[in-house]
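Sequence lines set the chain letters: A, B, ... in the order given, protein chains first and strands last, and positions in each chain run from 1. Keep in mind that this is a model prediction, so the values were computed, not measured.
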Amino acid sequence: MSDLVKVTLPDGSQKEAARGISVLDFVKVHIGAGLAKAAYFAKLDGQPVDLTRAIDADARLEVVTTRSPEALEVARHDAAHVMASVVQQLFPGTQVTIGPSIDDGFYYDFAREKPFTPEDLERIEAATNAAVKADHPFLREEVSMEAALALFEGQGEKYKVEIIRDIAAKGARTLTLYRHGGWVDFCLGPHGPSTGRIGVVKLTSVAGAYWRGDSRNAMLQRIYGTAFFDKKALDAHLARLEEVKKRDHRKLGPALGLFAFHEYAPGSPFWLPAGTTLFNVLQEAMRRLVNRNGYQEVKTPLLFNKRLWEMSGHWGPYKKNMFLVVDSESDETLPLDERCSFSLKPMNCPSHHLIYKMGRRSYRELPLRYYTTDALHRNEASGSLGGLTRVRQFEQDDSHIYLMESQIAAEVRRIVDLMKIVYGAFGLQFSLMFSTRPPNPADRIGDDTLWDKAEGALQAALEQIGLPWQLNAGDGAFYGPKIDFTVTDSLGRQWQTCTIQLDYAAPERFDLTYVGDDNAEHRPVVIHRAIYGSFERFIAILTEHYAGAFPAWLAPLQARVVTVSERFVDWGRAVAERLTARGWRIDLDDSNDKLGAKIRNSELAKIPFTLVVGEKEAGAQAVSPRRHGGEDLKTMPLDAFVELMSREATPPY
RNA sequence: GCCGACAUAGCUCAGUUGGCAGAGCAGCUGAUUCGUAAUCAGCAGGUCCUCAGUUCAAAUCUGAGUGUCGGCUCCA
């Protein structure tokens, strides 16, 4: 065996070095001091490793520097370790559990009787940053499972011991320990070279979290935080959080008169006049779109006898999510549960199936597409409610499509075409996720053969569409696999909105059939699909996407006429009336405020156009429009503005 | 549901140790008639989330409830 190893760099070049050289030394000697200084961790043959790792065999080497998002991820995990060590110092008796890095930072879960207070958090943050500055190296060590167990048992770390037993049960023989400044945790790694390289740590919140996320387990104390290599990046992150807060639909919605909540109806929005307008614009646009594309709108009852849910399968695991209704004519001596023979519908599908069954269906009718926007009610856990994104009453642009298996791929493509039209209109990018059967058979209905068929058909459709997609194994609905669409808004945040779900189970349960060209009965397949998802959630997303400044076609109020003084109210009123007569949503500010104040009010209301009307305009049948944000469109004849509105204030679909 | 924080005028927020509930904006009235982000003056506005308790006295202290907010596996 040669005492040299061959190292292949990402550009394809190869270098030889002494066997056993550490990654860091290799970089320093064979690449350059600059890279060695910027290096945070490395990958050997694609495996993330510490810079201290020895290169024992020929390998591909990739150095990950602090400019890489991957390094930041590692640094945040480093920060979680440092914070945990500080917490154990500051609060003796606190047990550690796990502390991964997450999207925008990290968290660490601690087992402790007393929750951390915001003041504790400040102390922990200060001490963590001090520990970072102390610049302790991260030291890696591999020990036997027995040694690891002895170590953490000796420290009384019950949760760590439980994790080690789990890892051992999976067949691991050794455990990797990481130490810094005398504190030890086990961890897959890699870590950065030393705590000083982390940069700056900021703790953001404390929260309760169940051990392993299961509400039957003990409640742990979770501390959330984030870390950045420098203060400037942290400040940029905090500024972004400010922007997110400013756009929060829960703030903007009530402020703009879109919607509100009342404690008498937790989780169910009141749609105020402006919000109802916005809702209706979206609803009418979607109605036109689906009507043009072969869908038929139907309306079905909100309240159903439980026999329907027994048939659909909702009366099983889903029952806890339904609002049950007492039939006042039922026997009052019966237990409450038995008197609740009705429920508000949580989904539209079963009632669509009932319509399907109201006649004998021919293959010539397929695909048969029903569309409904009825209100749905789901009893979401009180603690999970929030704004318009998690509600108990909502409306979906919901469709169920009955078709033959051979039509699935084409139909999925048709749906995706509609999605492109709709999301394109808002400038929202989307990506696709394919979710397969829930792993636990108790969480799904239908046998494996059905699931195999459903997953196979949907995947085939996906491949025909040709858009990139990701697999989300195990995340399907209880009745079938699905394609979820994730949209990215103007702040780069991702939202899951529409969905296409394939359902082989419902046609069985409801005994849905059609007569084929062979004059025999066959089972149709059902596709569940929504494009907006729920109107509530979609309006929340749009509100934040546009920061409340909706484009002219969507805005509840499309233009406001403001008069320069009382002398021009006649022309101002005429302008408002003529535009209103053309179907646009217009109002008039003829108050005796000064022009500047009127402009300000109009800007604060985020109205797309403010039309200034004064002496110049009154004499020339003209208006001077100003766009929201300040762009002055200069004086133009009213007819020219009508032209402009026709282009911008008309729904694009 | 569970853990934690919070709840004062329509909104944003002050309110000391338990001692008469405040400001700005919005609203109303009047004056002003004004050219692209706040004209001036006056007035009015309160179940201090709800219910109970402690106290001579509660927005303030205690308990219960309601609602809202941050969370409740992105798994060493």
Side-chain angles (χ1 to χ4, degrees), chain A residues 73 76-77 80-81 96-107 109 112-118 120-121 148 152 159-168 170 172 175-178 185-189 204-224 245 248 250-251 254-255 257 260-267 320 379-387 562-569 590-605 610-617 624-635:
Chain A
E73 221 176 280
R76 285 169 175 166
H77 186 210
H81 273 230
V96 288
T97 65
I98 61 163
S101 102
I102 53 174
D103 260 357
D104 270 329
F106 63 88
Y107 68 78
D109 284 346
R112 180 170 187 253
E113 279 300 303
K114 245 181 83 182
F116 297 104
T117 66
D120 292 341
L121 214 60
F152 287 98
Y159 293 89
K160 285 292 182 195
V161 168
E162 188 178 327
I163 298 168
I164 296 171
R165 292 226 163 91
D166 283 357
I167 297 170
K170 282 186 214 153
L175 201 67
T176 319
L177 302 183
Y178 277 90
D185 195 358
F186 59 87
C187 176
L188 273 175
T204 47
S205 63
V206 284
Y210 298 108
W211 169 236
R212 304 204 149 152
D214 190 327
S215 57
R216 288 165 301 191
N217 290 341
M219 177 67 72
L220 305 173
Q221 303 303 325
R222 173 171 300 181
I223 298 181
Y224 280 93
K245 212 167 145 192
D248 191 332
R250 291 170 301 190
K251 244 9 232 169
F261 288 90
H262 191 279
E263 66 170 301
Y264 289 173
K320 63 178 188 307
N379 197 356
E380 302 288 352
S382 58
S384 72
L385 299 176
V562 303
T563 51
V564 172
S565 83
E566 212 169 297
R567 291 170 28 229
F568 315 110
V569 167
D590 60 356
S591 70
N592 54 7
D593 278 339
K594 289 174 71 167
L595 182 63
K598 295 185 187 186
I599 297 280
R600 179 179 149 83
N601 288 336
S602 188
E603 285 291 340
L604 290 176
T610 305
L611 309 179
V612 176
V613 162
E615 183 149 26
K616 211 170 15 169
E617 293 80 8
S624 294
R626 169 198 162 105
R627 280 186 196 276
H628 171 67
E631 189 195 346
D632 183 358
L633 298 180
K634 308 290 188 220
T635 306

Asks: Just to verify, what does D593(A) make a salt bridge (Lys or Arg N to Asp or Glu O under 4.0 Å) with, not counting sequence neighbours?
Replies: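 Not a single residue meets the salt bridge (Lys or Arg N to Asp or Glu O under 4.0 Å) criterion with D593(A).
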Asks: Heavy-atom distance under 4.5 Å between the side chains of K320(A) and N379(A), does that happen here?
Replies: no
Asks: Counting only side-chain heavy atoms from C-beta out, which of G35(B), U33(B), A37(B) sits nearest to E603(A)?
Replies: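 Of the candidates, A37(B) comes closest.
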Asks: Check every atom of A37(B), G35(B), C34(B) against the side chain of I599(A) and return the nucleotide holding the closest atom.
Replies: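 In terms of side-chain proximity for I599(A), the closest of A37(B), G35(B), C34(B) is A37(B).
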Asks: Does A23(B) pair with anything, Watson-Crick or G-U wobble, both distances under 3.5 Å, and if so, with which nucleotide?
Replies: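 Partner of A23(B): U12(B).
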Asks: Can you figure out which of G70(B), G4(B), G35(B) approaches the side chain of P115(A) most closely?
Replies: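 When the side chain of P115(A) is considered, G4(B) is the closest of G70(B), G4(B), G35(B).
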Asks: R567(A) near the nucleic acid: base, sugar-phosphate alone, or nothing, with a heavy-atom cut-off under 4.0 Å?
Replies: sugar-phosphate
Asks: Quick one: is U39(B) close enough that its OP1 or OP2 comes under 4.0 Å of any side-chain N or O from R600(A)?
Replies: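 Looking at the OP1 and OP2 atoms of U39(B), neither is under 4.0 Å from any side-chain N or O of R600(A).
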Asks: For each nucleotide in nucleotides 71-76 of chain B, reading 5' to 3', give B when a protein heavy atom comes within less than 4.0 Å of its base, S when such contact involves only the sugar-phosphate, and - otherwise.
Replies: BBBBSB
Asks: Y224(A) and ring pair (Phe, Tyr, Trp, His ring centres under 6.0 Å): which partner among Y107(A), F106(A), F116(A)?
Replies: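 Only match with Y224(A) under ring pair (Phe, Tyr, Trp, His ring centres under 6.0 Å): Y107(A).
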Asks: Is there any protein nitrogen or oxygen under 3.5 Å from a nitrogen or oxygen in nucleotides 60-66 of chain B, and what are the pairs?
Replies:
from, atom 1, to, atom 2, distance (Å)
U66(B), O2', E263(A), OE1, 2.8

Asks: Categorize E617(A) for me: base, sugar-phosphate, or nothing, with a 4.0 angstrom heavy-atom threshold over every strand shown.
Replies: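 E617(A): base contact, heavy atoms under 4.0 Å.
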